[in-house]
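So you know, we letter chains A, B, ... as the sequences are listed, proteins then strands, and number each from 1.
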Amino acid sequence: MSFDTATWIQVATFSAGGLAMGFGAIGAALGEGYTAGLANEGLSSRPEKSGDIFKNMLVGQAIAESAAIFALVVAVLLLFLDPGAPYLLKASAVLAAGLSMGFGAIGSGVGAGFPAGQACLGIARQPAVSGTLTTNMLIGSAVCQTPAIFAMVVALLLMFTDFSSMPLAPTWAALLGAGLSTGLAAIGSGAGGGLAAGASCEGIARQPVSVGNVTTTMLVGQAVSQTPAIFGLLISFILIFSAFPESAALSAAMAPLGAGICMGFGGIGPGLGNGLTAEQAVRWVARNLENTGGLTRTMLVGQAVSQSTAIYAMVVSLVLIFVI
Amino acid sequence: MEELGKIHQLVVTAFGYELRFNLEVISWTWIVIICLLIFGYIAKRNRSIVPGIFQNIGELFIEQFYGLTEDALDKRLARKYAPLICALFMFLLFCNILGIFPHLGEPTSDLNTTLSMGIMGFVIAHYVGIREKGFKAYIKAYFQPIFFMMPLNVIGELSKVISISFRLFGNIMGGDIIVLVVSYLTLSLVLPPFLIGFFFIFIGAIQAFVFTMLTLVYISVQVK
Amino acid sequence: MAIEGAELVKAASLLGAGLAMGLGAIGPGVGEGLVGSKACEAIGKNPGEAGLLTRTMLVGQAVSESTGIYSLVVALLLLFVV
Amino acid sequence: MEAIRETEKKYCSLALTIAVVIAIVCFILAFKPLGKGLILGAVFSIANFIIMGETLPMRIGHNRRRSTGISFVSIFGRYALMAIPLALSIKLSQFNLAATVCGLFMIQLVILTEHIVNLIQMKFRKTQLL
């Protein structure tokens, strides 16, 4: 049973489009479910504030869905855009684009749900600061979208760069690796950034005077949580743009694929871990305002140490790409 | 996109080996060093009770990092190592934000710079450890908790150098590449200035602080 | 394209190195994050002991990082020895 | 429900106004596909937002798993709607693709911009008081 090149590309684009949209929607749905659950709790404790809570939920959801809309855009582009002259490498490139966008949207979708939910709960607890809470929630969930944006950049690069002059044999694996690297690494960073943002909304509801310090600590924590995603993006760019010499050997293909998988999975854990650390730091900055400096310092050191495994993964990936 | 990851090198052949000098990185590093020296000179020139703007900035750095060092080490060691920590932070901070100027890049986006800083911190930490605890106690620490953990303890120590230097390198280099690729994709419209602000100033400051803190922590772990 | 035994072993060891380090990084990453989060919580409750708590956190993280270092060692062995 | 309607009205009218203004500028400068694409995207973005607001109360009152399921179905329904302008702009040359994508994010951009402007105004007011 043999197919021609055009058929292979078609198979790849359809599966990639499906993957991108499916995973993207799952992330957003999980986030919205979390929001709805906490909004329920808030509504039951203070039904007379239902207007404010609904308003906040609507605005929060509109922002939280951006990651899913990125996925939608990439999926529709994959499905409807004319692929141009068919060459076999295109199939691998579009499949990688779908994987990157699909996985990348999960983390941001889930992550943006945390601040939205906590803000709904917070409005029920402290209705006087609902404006500040909504603003803080929006900043937090907008920052959560950066890993999804990274994934979209990689997906678009994979779709629109012309690979026709590249040799097929190791490049197909490099492109798949590039997609997996950013896509998987974005899961941890997106969810981790969301945890920090959620804690900041909770903290502001508890102690409205702390808003300045809490927002700053949240942004610093989120920025450090994005580091694994940045490493994933770095590996992706290297895999996309470096020219691998042609070689039919299986090991030449497995090296870049292994590099991508390594960085992708290696970014999940540290991203989540950084988010957990940032969550508690932000929570306690809100309760213990005088101690902001000490908490931020400990958070940064703790996050830096928990990132070291992502750095080992990056080192192994770089060795796989450049040394082997 | 061809300039991605390309560095101007001067290759000198000597004794059958090829010595490579990254000329751009060396010149950037010297720019940072000269800037810091000028800053130090200006800050120190007119010392007074009411500080001028440069003296104020200098005092801010020194006060902060002296306090941090005193927290991590004790008073006696802090007098000795606070200048190192403070200078390390200022150097890395200047390095990381040098890239916002046109035609200049960050010396820290080259692995050689960060790795040499990391190795320097590593050597200093172990030197302090041997000096403070004595050679015997220092060696003994490797055989904790049981003696055959020795190889893993050694690898653990060495991996600290890797993690500290690759973290800084990865962040700054990643920022560089992201800015380059995004400017290429969006034809340098609107977005790159914000990205440059985020990566070079915000992330650069955070990572310089993290690097300095970790060096300090490695020293304090050796001492305690 | 005939794939010989040695070639297959080489390919599998490269992919295996990637998988070992990648999957091996998840656990320690989350674990160290948990240690860090608890340390932040404790410092929030008891700011006076910040120095001691930070040191304890670092020791705990160093211990939980050892599994990450094991996978790094395994990955490097797979890359350079096999 | 009044609050939801009000929010919808505020953001939708703002988004549509901005889209139309930019589109008119584009028409004057003879970038017709750009303006058309922007309006197309913005209209569907607004439709998506309104449907989301109207179905919001349906998600309340269930447990988390149930509301996750409902969200999943509603996302797929709404995104099938939002795929229409994208597919149209890919197939027809009279709509610019990039402008359509920008239009699809109009609501989000308007919300974010409004809050950032609020934040800056708040900062200014605080410093004036001090």
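Across A:Gly31, A:Gly22, A:Ala68, A:Gly212, the residue that shares the most heavy-atom pairs under 4.5 angstrom with chain D is A:Ala68. With chain D as partner, the option from A:Ala25, A:Ala36, A:Gly37 having the largest number of non-hydrogen pairs under 4.5 angstrom is A:Ala25. Of the listed residues A:Val59, A:Asn40, A:Leu77, the one with more heavy-atom pairs under 4.5 angstrom with chain D than any other is A:Asn40. Note: A:Val73 leads A:Thr35, A:Leu79, A:Val73 in heavy-atom pairs under 4.5 Å with chain D. Contact count against chain A (heavy-atom pairs under 4.5 Å) is highest for D:Phe49 among D:Phe76, D:Phe49, D:Tyr11.
Interface residues of residues 99-129 of chain A toward chain D, defined by a heavy-atom distance below 4.5 Å: none. The interface of residues 41-52 of chain A with chain D, defined by heavy-atom distances below 4.5 Å, comprises A:Leu43, A:Gly51.
Only the side chain of D:Leu97 comes within less than 4.5 Å of a heavy atom in chain A; its backbone stays farther off. Both the backbone and the side chain of D:Leu86 come within contact range of chain A, with heavy atoms under 4.5 Å apart. Using a 4.5 Å cut-off between heavy atoms, D:Ile4 touches chain A through backbone and side chain atoms alike. At a 4.5 Å heavy-atom cutoff, the contact between D:Tyr79 and chain A is made by backbone and side-chain atoms alike. For A:Ile26, the parts lying near chain D are the backbone and the side chain together; criterion is any non-hydrogen pair under 4.5 Å.
Here CZ of A:Phe80 is found 9.5 Å from CG of D:Leu88. Values are rounded to the nearest 0.5 Å. Remark: D:Leu109 CG to A:Ser66 OG distance equals 8.5 Å, nearest 0.5 Å. The structure places CG of D:Leu104 at 6.5 Å from CD1 of A:Ile69, a figure rounded to the nearest 0.5 Å. How far CG of A:Leu138 is from NE2 of D:His115: 5.0 Å, rounded to the nearest 0.5 Å. The CD1 atom of A:Ile139 lies 5.0 Å from the CG atom of D:Leu119; values are rounded to the nearest 0.5 Å. From A:Leu58, atom CG reaches atom CE of D:Met52 across 5.0 Å, with rounding to the nearest 0.5 Å.
For the pair A:Gly33 and D:Ser71, the tightest heavy-atom approach, listed with the atom from each and the gap, is N-OG, 4.1 Å. The two atoms that bring A:Ala28 and D:Ile75 nearest to each other are CB-CD1, 3.6 Å, heavy atoms only. The two residues D:Ala83 and A:Val76 make their nearest non-hydrogen contact at CB-CG2, 3.8 Å. Contact between A:Ala29 and D:Phe72 at its shortest, heavy atoms only, is CB-CD1, 3.6 Å.
Between A:Glu65 and D:Arg78 there is a salt bridge, since at least one side-chain N of the basic residue sits less than 4.0 Å from a carboxylate O of the acidic one.
Qualifying salt bridge (charged side-chain N to carboxylate O under 4.0 Å, His left out) partners for D:Arg66, counting only residues two or more places apart in sequence or in other chains: none.
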What's the verdict on side chain to side chain contact (heavy atoms under 4.5 Å, CB included) for D:Leu56 and A:Gln61, showing C-alpha distance, side-chain angles and the deciding distance? CA-CA 10 Å; D:Leu56 199 64; A:Gln61 242 169 50; 3.7 Å; yes
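Under the 4.5 Å side-chain criterion, counting only non-hydrogen atoms from C-beta, D:Thr68 is not in contact with A:Glu32.
Residue A:Lys55 qualifies as open at atom NZ: its count of foreign heavy atoms under 6.0 Å is 12 or below. With a 6.0 Å radius and a threshold of 12 heavy atoms from other residues, nucleotides or ligands, D:Phe105 has its CZ atom above the threshold.
Evaluation of the salt bridge (charged side-chain N to carboxylate O under 4.0 Å, His left out) test over residues 79-94 of chain D, restricted to residues two or more places apart or in two chains, returns none.
In this structure a side-chain-to-backbone donor-acceptor pair under 3.5 Å is present from D:Gln108 to A:Ala62.
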